[in-house]
Amino acid sequence: MEAGALIIFALLVLFAFLGLGVWAAVKVVGAAKRGVDRTITQARRTVEDTALRAKSLGQVGVPGALAQLRLDLRTSMRATQQALYQGVQTDASLKESIGLFERLSAHGHELDEELKRLEQEPDRRRIADGLPELRERTAKITEASDSLRWAARDRARRFAQDDLTSLSEQIEMESGALRDWSRESVDDLAAAAEAAGATGGSAAGDGAPAAGPRPAALNPSAPAAHYPWQKTPRPEATT
């Protein structure tokens with residue numbers, strides 16, 4: 001029975017280690033996949049932004065206008081997203097701003113998809129007629145995005161300035177306290193030494209009896225070691 005129980009226990013331990021290894025492998029694979037996905041997404045965004053920038057600069061008319069609107073929209077939204085999600089790590093009050101930004105992002109994604117579809121639209125005249133409305137929608141979204149971003153940056157800058165001002169005041173107070181403490185300590189030591197000297201002189205002049213036996217030290221010195229080659233001291237003769 002004992003041997004069987006040991007075998008079962010060993011198998012359970014083995015299965016536990018195997019399960020832990022499988023779980024760790026799945027986590028590693030998942031993390032690697034997420035890293036690859038982020039890299040691919042970032043690369044795709046970079047390529048698309050580069051293409052939009054080239055279109056906005058190299059093409060005139062409707063294609064260039066649509067590319068510029070998409071580029072302005074994506075640049076503003078991405079900068080605001082980065083500012084808010086980095087700032088919320090140190091300022092929890094930005095969570096409400098992030099909620100507003102996510103609602104704004106829904107409108108931004110919708111407009112970006114519409115502009116992207118219009119790039120393939122062959123009826124350029126109809127697109128040209130709708131450009132004023134598209135510019136207005138893009139301006140509303142980018143202005144709201146920019147407002148959130150600059151408000152978050154101004155808030156972080158103000159907090160940093162307030163913290164620096166408070167820290168400077170505390171350091172000045174501490175420096176003054178250290179200097180005052182040094183002068184008071186010197187004065188106290190001098191006064192204590194003068195009082196001790198006066199007390200000692202007064203006691204000696206009044207013929208006060210000698211003090212009693214001094215208390216033993218906390219760590220009294222050990223008695224001198226006796227070596228075998230030393231002579232034993234002879235007792236003094238008595239009469």
Side-chain angles (χ1 to χ4, degrees), residues 26-57 59 62-121 127 129-174:
V26 171
K27 295 289 287 183
V28 170
V29 172
K33 183 178 182 299
R34 288 192 296 271
V36 171
D37 292 341
R38 285 194 298 268
T39 302
I40 293 176
T41 301
Q42 183 64 32
R44 186 182 297 116
R45 288 176 179 174
T46 302
V47 171
E48 193 168 4
D49 289 347
T50 302
L52 288 174
R53 190 171 290 106
K55 289 180 180 180
S56 65
L57 296 175
Q59 297 184 10
V62 172
L66 292 176
Q68 187 62 53
L69 289 178
R70 289 191 66 197
L71 187 62
D72 293 342
L73 178 66
R74 292 161 66 92
T75 301
S76 174
M77 298 295 288
R78 188 173 300 130
T80 302
Q81 182 182 31
Q82 183 179 3
L84 292 179
Y85 279 90
Q86 287 181 352
V88 77
Q89 297 178 4
T90 56
D91 186 0
S93 63
L94 291 180
K95 290 181 179 179
E96 184 176 355
S97 299
I98 289 178
L100 294 174
F101 175 75
E102 289 177 351
R103 293 173 56 187
L104 183 65
S105 294
H107 293 278
H109 285 298
E110 182 181 356
L111 178 58
D112 185 64
E113 291 296 329
E114 183 177 351
L115 294 172
K116 187 175 182 180
R117 288 193 302 268
L118 290 176
E119 289 178 347
Q120 308 301 324
E121 176 62 44
I127 299 175
D129 293 340
L131 275 178
E133 189 269 338
L134 293 172
R135 287 194 179 98
E136 183 179 358
R137 287 173 60 189
T138 304
K140 285 183 178 180
I141 295 175
T142 54
E143 287 174 2
S145 174
D146 294 343
S147 178
L148 279 175
R149 182 175 69 255
W150 285 110
R153 290 177 176 174
D154 291 343
R155 180 181 178 87
R157 188 180 302 109
R158 181 173 61 84
F159 283 167
Q161 291 175 352
D162 291 345
D163 184 67
L164 179 59
T165 301
S166 177
L167 179 60
S168 299
E169 293 175 353
Q170 293 178 13
I171 291 176
E172 288 296 328
M173 293 176 60
E174 181 66 16

Check: Ser76 main-chain N/O paired with Thr80 side-chain donor or acceptor under 3.5 Å: yes
*asked:* I want to check something: taking the side chain as every heavy atom from C-beta on, are Leu134 and Leu111 in contact at a cut-off of under 4.5 Å?
replied: yes
The reported gap from CZ in Arg78 to CG in Leu73 (rounded to nearest 0.5 angstrom) is 10.0 Å
Taken to the nearest 0.5 Å, the spacing of Thr138 OG1 from Leu131 CG works out to 9.5 Å
Open item on the list: Could you check whether any side-chain heavy atom of Arg157 comes within less than 4.5 Å of a side-chain heavy atom of Asp154, counting everything from C-beta outward?
Closed with: yes
Under 4.0 Å between a Lys/Arg side-chain N and an Asp/Glu carboxylate O for Asp112 and Lys116? no
CG (Leu94) and CG (Leu100) are apart, to the nearest 0.5 Å, by 11.0 Å
(message) Taking atom CZ as the centre, does Arg153 end up with more than 12 heavy-atom neighbours from other residues, nucleotides or ligands that are less than 6.0 angstrom away?
(response) yes
| Quick one: does Arg137's side chain get under 4.5 Å of Glu114's, heavy atoms only? | yes
(Q) Can you confirm whether Leu148 sits close enough to Ile98 that some side-chain heavy atom of one is under 4.5 Å from a side-chain heavy atom of the other? (A) no
To the nearest 0.5 Å, atom CD of Glu110 lies from atom CD of Glu113 at 10.0 Å
Check: Heavy-atom distance under 4.5 Å between the side chains of Asp162 and Arg158, does that happen here?
Finding: yes
Between Asp72 and Thr142, the two heavy atoms sitting closest are O-CG2, 3.9 Å
Interatomic distance, CD1@Ile127 vs CG@Leu118, rounded to 0.5 Å, equals 5.0 Å
Here the pair of heavy atoms bringing Arg155 nearest to Ser93 is NH2-OG, 2.8 Å
Output for pair (Gln81 CD, Leu104 CG), nearest 0.5 Å, gives 11.5 Å
N/O donor-acceptor pair under 3.5 Å between Ser105 side chain and Phe101 backbone:
yes
With a 6.0 Å cut-off (strictly less than), is the heavy-atom count around CD of Glu133, excluding the residue itself, greater than 12? yes
